[in-house]
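Down below is the structure, laid out as structure tokens.
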Amino acid sequence: MLIKTLLNKVERFKSFVYGSTCVMLVDGVEALVIDIEPRRNSRPVCPECGKRRSVYDRQPQRFFEYLPVWTFKCYYRYAPRRVDCPACGVKVEALPWGYGKERMTFSYQVFLARWAKRLSWKETADIFETSWDTVFRAVQFVVDYGLAHRDLDGVTEIGVDEIKVFKGQKYLTMVYQLNAGVRRLLWCGPERRAKTLLRFFHEFGKERSAQIKFVCSDMWAPYLKVIAKKAPQALNILDRFHIMRAFGEAIDQIRRDEVRQLKANGQVNVLEHGRWLLLKRPENLSEKQTTRLDELLKLNLASIKGYLLREDFQRFWDYQRPDFAGKFLDNWVTRTLQTDLEPMKKVARMLRSHKPLILNWFKAKGQLSSGAVEGLNLKAKLTMRKAYGFKTLKCLQIALYHELGKLPEPEYHHRFC
Ligand SMILES: [Zn+2]
């Protein structure tokens, strides 16, 4: 029996043996079915206390889906015993290859989840001729396992960020670990309220929170409040990525207002397609785009002024000394407040009120890699884009943990894929 030999090489269950194999119809489809029997004189394990108990009775045979073989679906067939446990009562025995009412074996779930990391869930379902829901359950199993078994020690640098999800103003709060070599998603939860981040700290625990040295965040007031309260020893840094994002949003606002104004005045709308020129850094523009930008710059529009103010601010990041950087910041804020660009003035006021936290960036320079949050944020957005069919927040959270959590998987001595 070659199949049994192979199976014993791949996966062995201590108190069970592989029996006969056959090809038969399962749910109307031809499949390979492998019988499993308990080893003689072995006693079943109680699922609640984990102790070996005597047999109460046996249930009808059940199918457990295993990894496909040559595109044939493959099942274990086994009649579970019920244990007669003096402590827990009569229960269906615990099995080493599956759990509860789930029809998939552990191995098959890990197999599907691995493919679901490389492909979209839909593609994974199509290739293995199964449903999207089955793939979802497999990923959920692996994520639950990973969250329960991951090591949370040594987290000293974290980043807090929010991402917009679905349409409208729904947010997920993301907490990343930023330590070099272990950049991963630690936690994500719905909304971006103080309550949300409080829940993270609560789950993370007091002792671990006390180990945090750096927190990168944006200027969102509820976050700042919670960080100051729950990790008072940490240096809270408003990093470059988050600050420049505020600039980007301000420029976009100015441009949109101006487009509306130009249209109302019946002027030719030069800004309609100029959005990306203004959002991009000059060094990232093509030659043709640079020429167009030069023309735009001649028009003395509000958008252009905003653009130039942002470009001017970039110099801020080149300072080595916090005190010089602070002076530059004051100066820039004063100049900006004298303009009539309301969205940019808003940025200026925000910078002024968060000056100490912004200058922390210089204190942490060299110790904290800037751009780490940005990179993870980008990955999260890619996951969401790949997330065709994620209808609920719960689904999306599981996908994000799966892709970004660097979670440990159940261990097998054979690597299936
Ligand atoms: Zn028991």
Is any NZ, NE, NH1 or NH2 atom of the basic residue among [X] and [Y] found under 4.0 Å from an Asp or Glu carboxylate oxygen of the other?
{"X": "Lys73", "Y": "Glu129", "value": "no"}
{"X": "Arg137", "Y": "Asp144", "value": "no"}
{"X": "Glu93", "Y": "Arg81", "value": "yes"}
{"X": "Asp84", "Y": "Arg53", "value": "no"}
{"X": "Asp252", "Y": "Arg255", "value": "yes"}

Side chains of Ser15 and Arg43: donor-acceptor distance under 3.5 Å anywhere?
no
Side chains of [X] and [Y]: does their closest heavy-atom pair fall under 4.5 Å?
{"X": "Ile36", "Y": "Val17", "result": "no"}
{"X": "Asp218", "Y": "Tyr223", "result": "yes"}
{"X": "Asn377", "Y": "Arg245", "result": "yes"}
{"X": "Met244", "Y": "Gln314", "result": "yes"}
{"X": "Ile158", "Y": "Phe200", "result": "yes"}
{"X": "Met219", "Y": "Ile243", "result": "yes"}
{"X": "Val142", "Y": "Leu407", "result": "no"}
{"X": "Ser217", "Y": "Asp161", "result": "no"}

What is the ring orientation for Phe141 with Tyr145, classed by angle as parallel under 30°, tilted 30 to 60°, or perpendicular over 60°?
tilted
Taking the six-membered ring for Trp, are Trp121 and Phe136 parallel (under 30°), tilted (30 to 60°) or perpendicular (over 60°)?
tilted
If you measure from [atom1] on [X] to [atom2] on [Y], what distance do you get to the nearest 0.5 Å?
{"X": "Gln397", "Y": "Leu185", "atom1": "CD", "atom2": "CG", "value": "9.5 Å"}
{"X": "Lys379", "Y": "Leu400", "atom1": "NZ", "atom2": "CG", "value": "12.0 Å"}
{"X": "Glu123", "Y": "Trp132", "atom1": "CD", "atom2": "CH2", "value": "14.0 Å"}
{"X": "His354", "Y": "Asn360", "atom1": "NE2", "atom2": "CG", "value": "12.0 Å"}
{"X": "Leu382", "Y": "Met384", "atom1": "CG", "atom2": "CE", "value": "10.0 Å"}
{"X": "Leu393", "Y": "Lys170", "atom1": "CG", "atom2": "NZ", "value": "8.0 Å"}

Smallest separation among heavy atoms of [X] and [Y], with atom names:
{"X": "Ala116", "Y": "Thr124", "result": "CA-OG1, 3.4 Å"}
{"X": "Pro38", "Y": "Arg58", "result": "CD-NH2, 3.5 Å"}
{"X": "Ala79", "Y": "Gln59", "result": "CB-O, 3.3 Å"}
{"X": "Lys14", "Y": "Arg39", "result": "O-NE, 2.9 Å"}
{"X": "Glu30", "Y": "Phe72", "result": "O-CD2, 3.8 Å"}
{"X": "Val110", "Y": "Pro410", "result": "CG2-CG, 3.9 Å"}

Tell me whether [X] contacts the main-chain N or O of [Y] through its side chain, where contact means a donor paired with an acceptor under 3.5 Å.
{"X": "Gln61", "Y": "Tyr78", "value": "no"}
{"X": "Arg193", "Y": "Lys195", "value": "no"}
{"X": "Asn8", "Y": "Lys4", "value": "yes"}
{"X": "Thr134", "Y": "Thr130", "value": "no"}
{"X": "Thr173", "Y": "Cys188", "value": "no"}
{"X": "Arg77", "Y": "Ile34", "value": "no"}
{"X": "Trp332", "Y": "Leu309", "value": "yes"}
{"X": "Thr21", "Y": "Val33", "value": "no"}

So for atom [atom1], which belongs to [X], do other residues, nucleotides or ligands contribute more than 12 heavy atoms lying within a distance under 6.0 Å?
{"X": "Asp153", "atom1": "CG", "answer": "yes"}
{"X": "Arg118", "atom1": "CZ", "answer": "yes"}
{"X": "Phe16", "atom1": "CZ", "answer": "yes"}
{"X": "Lys229", "atom1": "NZ", "answer": "no"}

Passes side chain to side chain contact (heavy atoms under 4.5 Å, CB included), Glu11 versus Tyr18? Steps please.
CA-CA 10 Å; Glu11 208 166 2; Tyr18 294 112; 4.1 Å; yes
Anything under 3.5 Å between a donor and an acceptor, one on a side chain of residues 201-215, the other on a protein residue two or more places apart or in another chain? List them.
{"unit_1": "Glu203", "atom_1": "OE1", "unit_2": "Trp187", "atom_2": "NE1", "d": "2.9"}
{"unit_1": "Arg208", "atom_1": "NH1", "unit_2": "Phe204", "atom_2": "O", "d": "3.0"}
{"unit_1": "Ser209", "atom_1": "OG", "unit_2": "Gly205", "atom_2": "O", "d": "2.7"}

The test is side-chain hydrogen bond (donor to acceptor under 3.5 Å, both in side chains); show your working for Thr196 and Glu191 and say whether it passes.
CA-CA 6 Å; Thr196 318; Glu191 315 266 7; over 6 Å; no
Answer yes or no on whether Arg310 is positioned over the face of Phe247, meaning its NZ or CZ is under 6.0 Å from the six-membered ring centre and within 45° of the axis.
no
Stepwise side-chain hydrogen bond (donor to acceptor under 3.5 Å, both in side chains) test for Thr105 and Glu65
CA-CA 6 Å; Thr105 56; Glu65 187 165 4; over 6 Å; no
Start with the C-alpha distance between Arg184 and Tyr176, add both sets of side-chain angles, then the distance that settles side chain to side chain contact (heavy atoms under 4.5 Å, CB included), and finish with yes or no.
CA-CA 6 Å; Arg184 59 176 169 167; Tyr176 302 111; over 6 Å; no
Applying the ring pair (Phe, Tyr, Trp, His ring centres under 6.0 Å) criterion to Phe111, which one of Tyr66, Phe416, Phe128 satisfies it?
Phe128
Ring centers of Tyr75, Phe64 separated by less than 6.0 Å
no
Aromatic ring proximity Phe106/Trp97, centre distance under 6.0 Å
no
Test: side-chain hydrogen bond (donor to acceptor under 3.5 Å, both in side chains). Region: residues 399-410. Which pairs qualify, not counting sequence neighbours?
Arg114-Glu409, Lys386-Glu403
List the steps, then state whether side chain to side chain contact (heavy atoms under 4.5 Å, CB included) holds for Val26 with Phe63.
CA-CA 9 Å; Val26 179; Phe63 288 94; 4.0 Å; yes
Worked check of side chain to side chain contact (heavy atoms under 4.5 Å, CB included) between Ile227 and Leu197:
CA-CA 8 Å; Ile227 292 165; Leu197 197 56; 4.0 Å; yes
CA sep, side-chain torsions, deciding dist, call: Gln261, Asp257, side-chain hydrogen bond (donor to acceptor under 3.5 Å, both in side chains)
CA-CA 6 Å; Gln261 194 63 46; Asp257 291 347; over 6 Å; no
